[in-house]
Amino acid sequence: DAEITQSPRHKITETGRQVTLACHQTWNHNNMFWYRQDLGHGLRLIHYSYGVQDTNKGEVSDGYSVSRSNTEDLPLTLESAASSQTSVYFCASSDGSGEISRTDTQYFGPGTRLTVL
Amino acid sequence: AQRVTQPEKLLSVFKGAPVELKCNYSYSGSPELFWYVQYSRQRLQLLLRHISRESIKGFTADLNKGETSFHLKKPFAQEEDSAMYYCALSMTQGGSEKLVFGKGTKLTVNP
């Protein structure tokens, strides 16, 4: 069955280290998104992509980067991890090939819990 | 600017009681509204969207443009409805599919 996966599911790292979180979807969806989920803030968009070689900054993009070299993957990189980036990170994807006037359902991965010490 | 407000962080009701999770939005264009749900130890998933005008798991939500609201309602809550609920807003201009989420409401249905 098609799905969206994230790895690792849990990660502990130290301040200043580079960290990459993986997101992989097998639906052949055009659109992919990264969110962080924090108590009191809900879900906030970090970066998103509407297709290969396309990336865009979201609401809280500082300190994060993404690249889209193929349809299936959108890795999220924390260039120099900070304690403020301790959070649960969710990847999502949506079709993006239908009517441009409609928003497609987003399908979420299981999340990655990142702790920065 | 787009904004979604869920005024209640926590909502607790008894089984069989009606439940209403409030959502208000701020957007000058034509809104698309969604409710997403996250059950314990499960991933976030779409519950319903206003354009579908459907009832999912007994939940309904009506878009009220005059009051800029999209409240989620269920006449008789069940214990399995306990979860985190997020209201989300999307623009419909230019094919953008970004969602703006509210901060969420944690619903607890007590036996």
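Side chains included, hydrogens not; waters and symmetry mates left out as well; all remaining heavy atoms used. In what follows, chains carry the letters A, B, and so on, assigned in the order in which the sequence lines appear, proteins first and then strands, with residues in each chain numbered from 1. Worth saying up front: this structure is predicted, and the values here are computed from it rather than measured.
- For the residue pair A/Thr105 and B/Arg49, the shortest heavy atom distance occurs at OG1-NH1, 3.3 Å.
- Here the side chains of A/Phe33 and B/Leu99 are not in contact, with every heavy-atom distance at 4.5 Å or above.
- Within 6.0 Å of NZ in B/Lys103 there are 12 or fewer heavy atoms belonging to other residues, nucleotides or ligands.
- Using a 4.5 Å cut-off on side-chain heavy atoms (C-beta onward), A/Asn56 and B/Lys98 make no contact.
- Counting heavy atoms from C-beta outward, A/Gln106 and B/Tyr36 have side chains that approach closer than 4.5 Å.
- Within a 6.0 Å radius of OH in B/Tyr39, other residues, nucleotides and ligands contribute more than 12 heavy atoms.
- Listed in order of number, the residues of residues 14-24 of chain A that approach chain B to under 4.5 Å between heavy atoms amount to none.
- For A/Tyr107, no part sits under 4.5 Å from any heavy atom of chain B, backbone or side chain.
- With a 4.5 Å cut-off on non-hydrogen atoms, B/Gln38 touches chain A through its side chain but not through its backbone.
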Run the side chain to side chain contact (heavy atoms under 4.5 Å, CB included) test on B/Phe101 and A/Gln37 for me, step by step, so that the C-alpha distance in whole Å, both residues' side-chain angles and the decisive distance to 0.1 Å come before the verdict.
CA-CA 10 Å; B/Phe101 285 86; A/Gln37 183 185 42; over 6 Å; no
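- One hydrophobic cluster, built from ILVMFWY side chains closer than 4.5 Å, cannot hold both A/Phe108 and A/Val60; they sit in different ones.
- Using a 4.5 Å cut-off between heavy atoms, A/Glu59 does not touch chain B at all.
- Clustering ILVMFWY residues whenever any of their side-chain heavy atoms sit less than 4.5 angstrom apart, transitively, puts B/Tyr85 in the very cluster that holds B/Leu33.
- Contacts between residues 38-46 of chain A and chain B, counted as heavy-atom pairs separated by less than 4.5 Å, involve A/Gly40, A/His41, A/Gly42, A/Leu43, A/Leu45.
- B/Leu72 and B/Tyr25 end up in the same hydrophobic cluster when Ile, Leu, Val, Met, Phe, Trp and Tyr side chains are linked at under 4.5 Å.
- Follow the hydrophobic side-chain contacts under 4.5 Å out from A/Val66 and you never reach A/Tyr35; the two are in separate clusters.
- The hydrophobic cluster containing A/Val88 does not contain A/Trp34, counting ILVMFWY residues as joined when their side-chain heavy atoms lie under 4.5 angstrom apart, directly or transitively.
- Considering every non-hydrogen atom in both A/Gly109 and B/Arg43, the closest pair reads O-CB, 3.4 Å.
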